[in-house]
Amino acid sequence: MNQKHIQHLYWRVGFGILPTELENISKKSKKEVVDNLFQISKKITPLEVDVSDLEELFGGSFDTIKANRNQIQKLSREKTLELNVAWIDRLTYPKELLREKMTLFWANHFVCEDNNYIYTQNFHNTLRQYALGNFKDFVMAISKEAAMTKYLNTKQNKKQKPNENFARELMELFTLGVGNYTEEDIKESARAFTGYGHNFEGDFVFRQRQHDEGVKTFFGKTGAFNGDDIINIILNERQCAKYICGKLYRYFVNDTINDEHVNQMTNVFYKDYDIENIMRFILLSDWFYDEKNIGTKIKSPMELLVGMRNVVPVDFKNAKQLLNIQKLLGQILLNPPNVAGWKGGRNWIDSNTIVLRLKLPSLLLNHAYISKAVSGTTDRFLETKKAIFKKQFGKRFNTVPDWNVFNAVFKNVDVDDLETLILACKMNDGASRYLGALSKVSKQEYCVQLMSLPEYQMC
Amino acid sequence: MNRRKFLKQSSLATSLFFVPSFVKAFEQVASKTLGYKRLVIIQLSGGNDGLNTVIPFRNDLYYKERPTLGIAKNDIIKLNDEVGFNNSLAPLKRLYDNSNVSIINNVGYPNPNRSHFRSMDIWQTATDSIKYSQSGWIGRYLDYYGKHPHSAIEIDDSLSLAMKGETLNAIATQDSRAFYNLSKDPYFKNIHKHQNDAHLSEHNLGYLYKSLIAAESSAKYIYETSKTVSSNKAYPNNAFSKQLKTTAQFINSGLETKVFYLSLGGFDTHYNQQGRQDKLLATYAEGIEVFVHDLKDSNSFKDTLILTFSEFGRRVKQNASIGTDHGTANNIFIIGDQLKKPGLYNNMASLSDLDDNGDLKFEIDFRTIYATVLDKWLEVDDRKILNKSFNQLSFI
């Protein structure tokens, strides 16, 4: 498989690829490479942090739990931060690469947030479990997650007093897209989801007495539907397959929809709603590797951060700083803006984020230093400037980059080949001329220069 | 043709005689004398207890529902025979007596949401409470009417959803010098100095270059414009007053920014409310008073409108921890120099006609206030920004 295509594939289903691995798989065919991605993602490894102290607070009667409420909330916040960091580490060193990238995708599709850590973790791992599974099972599982029944008020949805929040968003955001259902559909389906709840541990509980057993009319069908019936009827609509395929296309292929490609995808997905099948179809299609799809997407903050850590491992000594960087970049994992999620694409970029994004590699990896030594000279200020920054701001950017790993991985790479390995798109002429006029002080400094270009924001 | 445009064009016509710096100086004078209306939004995060802020001290129900948390009549700064301010609001009372404050009571929205997160989201996006939006109301103002990213500034490190548009986002900065320093690495300047791509906004990479250039220019403009002015007022020593001081500096330097966004957090008073709320209200009022005087001294208060809100008020009945739980409708403050109806804009909320949760039933939709401010103060089409038409109020 052509190297450029492998890089493209790995940027979209992962966070880039290192030269050592690139060389290994470039001898394989496209089919082999893609098959391998699915093979390594077969396994499901839940992401969990130690919750024994939290479970202890949960044990006992309703009254003891109520008394522990403040402590549970405080501990939940700490654990959520722990999961946030663990998730980013998982993304940086993933075993099931495609599954992990899909989990990240679904987390911005089935958007949810909760202040109870146990429910947050359960929800998070449900995303991972179904990431490449069957979409129908996925939606049904999501509808029964404790975190979701809280987030969109299904818990408060009772026979006597229906709450339409979940029913509405199920159709608007999770399955059909806005405008593809009526207000009457929302009312009727809300009745079908009455009685949903959970116990303290977060397991789904169906409260029969609060469930509306009556006959509902939904999408022209009439029956004593329950929630699963509603999901079945929704998925019968081709629009549902089309909506999900459009979203997958924008995430994995191009911000701008190509109707013909999405139509092909819809034909495949509508048959069985098998996520693995549709992903295989995308990654094996010729158009996925079209020139206009390569290096033309703007990286999400996670793609930027994790991609960078992939090239140069960097350890955050202070978890709060990692959290703050996510805040400044506009994407805090496990803390979405609302159920509509992050808009993505150009919306990641504004005056604050563009400046920080360009500065971030040098800040985290190189004591804020970007070499500007002119060609033919040595960079005399390099060490002193780095030392000054370290002294002044070292505490605010308490990160330890491991350049040894970089040096080992890129050992056999010629410095002139670094550009094509670090950047996913061609360099703008102006940038190219400027960099050409600078001295390539070392592979490390050159890597930081490349990462400080707008081009490095592309994948 | 407006005056500014006229000046620009006539200066072009006679460019032989006008040096550009002179034009610029002249323009600044012109913009000052013509007035440049600005909106300052202050968000009280956590849900401020409106009933202990503006207190109905003649209402027996108030004391009945709040046997220990209710504030005694003689601890209240009276506004009239029935309503008074929390004692911590003495500085605000002085502005009130000067006709610079309007209190709009019982502001909320249909189907109230009692989650901080969601209710703040509703206030910031200005959508119906059953809808979700990925853009905020000031962001959409920028989309349609903002000339630069710095047309709206949030005094913080990162942007709230309120400040994010569909296509344009505001700028977040607490420290214009730090922002400028971050943006001005010569490496970045050199990267785009030689680029001559005419199709910058058509593709994503071009969009990044364009955003970089705009960011550098805004950072430089904000820093260099605002550094010419410094305040000699003694602001209280806290983070909120620091935001106010920065805002005053931005305004008094003539920065062409229409909207400023500030916030003060900590109002989620579920237990031992009184001491904590009093302290926060004092922080708010003391800071605001200095801020208003700072603007008055520079003759910019007349062109500034300050809107203070919180995501919800709190439950009428106090809870077992001598605090209050999340509620619904609340009062908001409008502070300015040209108020049509200073004082209490409308009646206090009824404490007898409550909803099923024991919360106030709102009377005024917060979006009617936004619509009024957009139309009458910022002079733009409020329906475009709010995606709906709202009846306007007459406080300005």
Side-chain angles (χ1 to χ4, degrees), chain A residues 70 111 113 115 151 153 161 164-165 168-169 172-173 186 255 295-298 324 327-330 337-343 345-347 349-359 362-363 368 370-372 425-426 428-435 437-438 449 452-455 457-458, chain B residues 113 115 117-118 121-122 124-125 130-135 148-150 154 157-161 163-173 179 182-188 190-197 203-219 270-271 356:
Chain A
N70 281 335
V111 180
E113 194 202 7
N115 59 8
Y151 191 55
N153 313 100
K161 210 183 159 201
E164 297 169 3
N165 205 11
R168 183 183 299 278
E169 301 319 329
E172 180 179 330
L173 297 170
I186 291 171
D255 292 342
T296 50
K297 270 183 65 73
I298 295 173
N324 195 40
K327 184 179 169 210
L328 296 177
L329 291 172
N338 60 37
V339 68
W342 288 285
K343 210 160 180 239
R346 289 189 181 189
N347 217 256
I349 304 301
D350 59 47
S351 301
N352 294 91
T353 57
I354 185 67
V355 172
L356 180 67
R357 276 170 168 248
L358 296 186
K359 198 81 185 187
S362 58
L363 277 173
I370 311 171
S371 179
K372 288 167 278 281
C425 70
K426 203 178 150 286
N428 173 303
D429 286 350
S432 180
R433 241 175 295 144
Y434 175 57
L435 247 69
L438 294 184
Q449 288 175 329
S452 306
L453 293 173
E455 281 79 350
Q457 305 300 321
M458 308 297 293
Chain B
N113 194 300
S115 138
F117 184 71
R118 179 63 194 137
D121 201 48
I122 291 163
Q124 293 199 357
T125 55
I130 53 166
K131 291 214 173 95
Y132 296 88
S133 167
Q134 288 173 314
S135 64
H148 315 278
H150 63 252
E154 179 159 3
D157 289 330
S158 59
L159 286 174
S160 302
L161 186 54
M163 304 291 270
K164 294 185 180 181
E166 295 289 337
T167 56
L168 199 63
N169 287 355
I171 277 185
T173 183
F179 182 39
L182 196 66
S183 76
K184 74 168 187 179
D185 192 310
Y187 183 80
F188 302 146
N190 281 318
I191 293 165
H192 65 69
K193 204 162 79 182
H194 303 293
Q195 71 83 22
N196 51 3
D197 191 338
H203 46 76
N204 281 336
L205 181 61
Y207 181 76
L208 295 175
Y209 270 93
K210 215 179 102 183
S211 304
L212 173 61
I213 295 167
E216 280 175 0
S217 132
S218 281
H270 287 280
Y271 58 94
D356 295 348

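Protein chains get the first letters and strands the later ones, always in sequence-line order, with residue 1 at the start of each.
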Roughly how far, to the nearest 0.5 Å, is the CG atom of B:Leu208 from the CG atom of A:Leu453? 11.0 Å
With a 3.5 Å distance limit and no angle check, can you tell me whether B:Asn204 reaches the backbone of A:Thr296 through a side-chain donor-acceptor pair? yes
Relative to chain A, which segment of B:Ala170 carries a heavy atom at a distance below 4.5 Å: side chain, backbone, both, or neither? backbone
Structural part of B:Ser133 lying under 4.5 Å from a heavy atom of chain A: backbone
What part of A:Ile370 is in contact with chain B, defined as an atom under 4.5 angstrom from a non-hydrogen atom: side chain, backbone, both or neither? side chain
Based on non-hydrogen pairs under 4.5 Å, which of A:Glu455, A:Arg357, A:Glu113, A:Lys327 is most in contact with chain B? A:Glu455
Is a side-chain donor or acceptor of A:Tyr434 paired with a backbone partner of B:Lys193 at a separation under 3.5 angstrom? no
List the steps and the verdict of side-chain contact (heavy atoms from CB on, under 4.5 Å) for A:Gln457 and A:Leu358. CA-CA 8 Å; A:Gln457 305 300 321; A:Leu358 296 186; 3.8 Å; yes
For the interface with chain A, which of B:Phe188, B:Phe117, B:Tyr271, B:Tyr187 has the highest count of heavy-atom pairs at distances below 4.5 Å? B:Tyr187
Evaluate A:Asn165 against A:Tyr151 for side-chain contact (heavy atoms from CB on, under 4.5 Å), listing each step before the verdict. CA-CA 9 Å; A:Asn165 205 11; A:Tyr151 191 55; over 6 Å; no
Are A:Arg168 and A:Glu164 ion-paired here, with the side-chain N under 4.0 Å from a carboxylate O? yes
Sort B:Asp157 into side chain, backbone, both or neither according to what part of it lies under 4.5 angstrom from a heavy atom of chain A. both
Assess whether a salt bridge exists between A:Lys372 and B:Asp185, defined as any Lys/Arg side-chain N lying under 4.0 Å from an Asp/Glu carboxylate O. yes
Is it the backbone or the side chain of A:Ser362 that comes under 4.5 Å from a heavy atom of chain B, or both, or neither? neither
B:Leu159 versus chain A, heavy atoms under 4.5 Å apart: side chain, backbone, both or neither? side chain
Which bit of A:Asn352 comes within less than 4.5 Å of chain B, counting heavy atoms only: side chain, backbone, both or neither? both
Checking B:Leu161 against chain A: side chain, backbone, both or neither under 4.5 Å from a heavy atom? side chain
Atom group of A:Leu438 that falls short of 4.5 Å from chain B, counting heavy atoms: side chain
Under 4.5 Å from a heavy atom of chain B, the part of A:Asp255 involved: side chain
When you compare the side chains of A:Asn338 and B:Arg118, does any donor N or O come within less than 3.5 Å of an acceptor on the partner? no
Checking heavy atoms, do the side chain of A:Lys426, its backbone, both or neither come under 4.5 Å from chain B? backbone
Short side-chain to backbone donor-acceptor contact, B:Gln134 and B:Glu166, under 3.5 Å: no
So which part of A:Ser452 gets closer than 4.5 Å to some heavy atom of chain B, the side chain, the backbone, both or neither? both
